Every structure is written in C-alpha cells, then in structure tokens.
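These notes concern the structure reproduced below.
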Amino acid sequence: MSHRSLPSDNELIPKLLDNDETAYRQVVSAYHGMMVYIARSIVGDAIADEVAQEAWVAVIKALPKFERRSSLKTWIMRIVSNTAKSRLRHESRTVNLEDVSNDSGDMISPNHFNERGHWASPPSVWHADTPDSLLSSTELQSVIDNTLKQLPPLQRTIVALRDIQGMDMDSICKILEVSESNGRVLLHRARSYIREAIDKHQRNLD
Amino acid sequence: MLSCKDITEKANSYLDKELPFYTRMQVKLHLMMCVHCQRYVHQLRATINILSKLKKDTPVSEHVVDDIVTSLHQMQQKPDKPKK
C-alpha cells in the first residue's frame, strides 16, 4: 500500500489545492487501498468502498484548512476513520465502538484461574505451534477471520493496523483518535481474544 | 510475586517490550518457573506472528482510481456559486 514514487507532502498539497489531476491520481493510488481497509475494519465490507469515496470528497473539501499537524497520510486516514465511525453511529445508534458483550475487562476469562490467580484450566498444547504450520490449516484461517469479525470495531481496526499492517501505535492512535493507553488496552484485548479463539480451536482437535 | 493471572495481564506489554525494568524481571522470573505461563506467552507471540502473516492489502483497480480522480477533479472545477 506504500507508494514509492509519491512526492513529499510539501510538493503534493499545493498541487492538490490547485486541482491538479496528476496529484489526485498519485494520492488516490497511494492511499485508497488503505482507506478502504480502515473503512472495512470499522463499518464492514458492504459500505467500505462508499465510505472511502465519501472520505475523499471530505479530504479535498477540508484540504485548504489542513494545518499540517500530522502527515497528509495520517490526516487522510483520520478523515476516513471519522467518516466510517459517524456512518456506523448513524446506521446503528446503539453501537458502542469500543465495548463488546464478551468484554469483562479481563485479558482472559477469569474461569481459567483459581482464587489465588494460578491456572485452573491451563492453555492447551497446540497441535502446531509455529505461525506457518498453524496458518496452513484453512480451518484455522477461517477461525481467525471470524474472530476478527466478532471483535468490536475499534479493537478490530487497531489489531489490523498494528499487527496485520505493521503500522506504529502513535499513528494508529492519531488516526482513530484514541489515547495511547486506551489504544494499547484495546490492542491487548483483541490479541488475547484471538489467542483464546485459536486455543479453543486447538482444544477441539483433541 | 506475580500470579499466573497477572502474567496474562502483562503478557502483551512484555512482548511489546513496554514494561518497566523491575516488572519485566518479575515476569521473567515467573516464566522461568511456570510452564503454563511460558506456553501462554509463546502462544500469544505465535498469535501476533500469525496476524503479521495475514493478507495485508486490498488491491485497487485502475478504474476505481480513475473514477475517484475524475469526480474529485470535476467537483473542484465547479465550485459552489458564491452566496449573495
């Protein structure tokens, strides 16, 4: 999703403000894929493309007021994130972006521990324990896909951007407008939940 | 002394190297003695590695780029009429 030939923000911004078609093409080619990815994480497949396109219109309209307190990329990604979040709120007024019914605040179900905090039900021995051998199972791949879908939108987006895309936490928190500490908690919950889903799948193989 | 439950709470920060020195040492000490927690941390690390190997990008077709570029360009060519 990176674009090697993309000029610097200083070069691009005046051209975009000048309605330069080549500059539009450069930024859209470079960033649209990531925008759809973020939109999809927040609102799901069905309207992700539409949200990303709506965000482009917002980007170009807001560009004269862009104060350059972040990179153009981070600013654009924040706009798509906000467009997606407000769309999600509009579609389902009850939705809570951060919380989930399974979320007790514990990283792992408290049932796994005894009253002294020692394992009562320890993690199972996985049949395969290297990432490649685990991923060679198509069944496990669908377990992971489904688990990602079950996560609340912000947890899903943070784990996708951090662990799948390898983006740094600072940019992710700016894009999603969450504090560093909150972002970290959401990331940790998402990972722990995914580990637990893999563990459940491995136990069922026994 | 940290409990196993404490270790699961700190495992992510441990793997991300975000724990202060003393807490990191406490976690290490616990892991030396507890095979279940070793397994937990190993599995969490495997989970993070699995995620890093998942498909990263959504390819964008040329015609999608063309459509967006054309509509943005046209939108800016026809600015709103100034309000009287």
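Order of the sequence lines sets the chain letters (A, B, ...), proteins ahead of strands, with each chain counted from 1. Keep in mind it's a predicted model, so treat the numbers as computed, not measured.
Annotation: side chain of A/W119 is not in contact with side chain of B/K5 (no heavy-atom distance under 4.5 Å). B/N12 places none of its side-chain heavy atoms less than 4.5 Å from the side chain of A/L187. Two residues are said to be in side-chain contact when any heavy atoms from C-beta on lie closer than 4.5 Å; A/P122 and B/Y40 fail this criterion. Looking only at side-chain heavy atoms (C-beta outward), A/H32 and B/V65 stay at 4.5 Å or farther from each other.
For A/V159, the part lying under 4.5 angstrom from a heavy atom of chain B is the side chain only. Proximity to chain B (any heavy atom under 4.5 Å) is shown, for A/R162, by neither the backbone nor the side chain. Both the backbone and the side chain of A/E21 come within contact range of chain B, with heavy atoms under 4.5 Å apart. Of the atoms belonging to A/D49, not a single heavy atom falls under 4.5 Å from chain B. Contacts of A/T130 with chain B are absent, with no heavy-atom separation under 4.5 Å from either backbone or side chain.
Pairing each heavy atom of A/G117 with each of B/S3, the nearest pair is O-CB, 3.6 Å. In terms of heavy-atom proximity, A/F113 sits nearest to B/C4 at CE2-C, 3.8 Å.
Remark: B/M75 CE to A/W56 CH2 distance equals 11.0 Å, nearest 0.5 Å. With values rounded to the nearest 0.5 angstrom, B/T70 atom OG1 is found 6.5 Å from A/R25 atom CZ. Note that CG of B/L54 is 9.5 Å distant from CG of A/D163, once rounded to the nearest 0.5 Å. Of the inter-residue distances, the one linking A/H112 atom NE2 with B/T8 atom OG1 reads 9.5 Å to the nearest 0.5 angstrom. Atom-to-atom distance recorded for B/I50:CD1 and A/I144:CD1 is 4.5 Å, nearest 0.5 angstrom.
When each of B/D66, B/L72, B/N49 is scored by its heavy-atom pairs under 4.5 Å with chain A, the top score falls to B/L72. Counting heavy-atom pairs under 4.5 Å between each of A/P131, A/A160, A/S192 and chain B puts A/P131 at the top. Highest contact tally toward chain A, considering only B/R45, B/E62, B/K53, is held by B/K53 [criterion: heavy-atom pairs under 4.5 Å]. The candidate from A/V57, A/D20, A/I198 with the greatest count of non-hydrogen atom pairs under 4.5 Å with chain B is A/V57. Ranked by heavy-atom pairs under 4.5 Å with chain A, the list B/Q43, B/H36, B/R39, B/H42 is led by B/Q43. Note: B/D16 leads B/V64, B/V35, B/D6, B/D16 in heavy-atom pairs under 4.5 Å with chain A. Counting heavy-atom pairs closer than 4.5 Å to chain B, the top residue among A/R116, A/R184, A/M169, A/H118 is A/R184.
A distance-only check finds no donor-acceptor pair linking the side chain of A/R195 to the backbone of B/L44 [under 3.5 Å]. Looking at B/H73, its side chain does come within 3.5 Å of a backbone N or O of A/N19 through a donor-acceptor pair.
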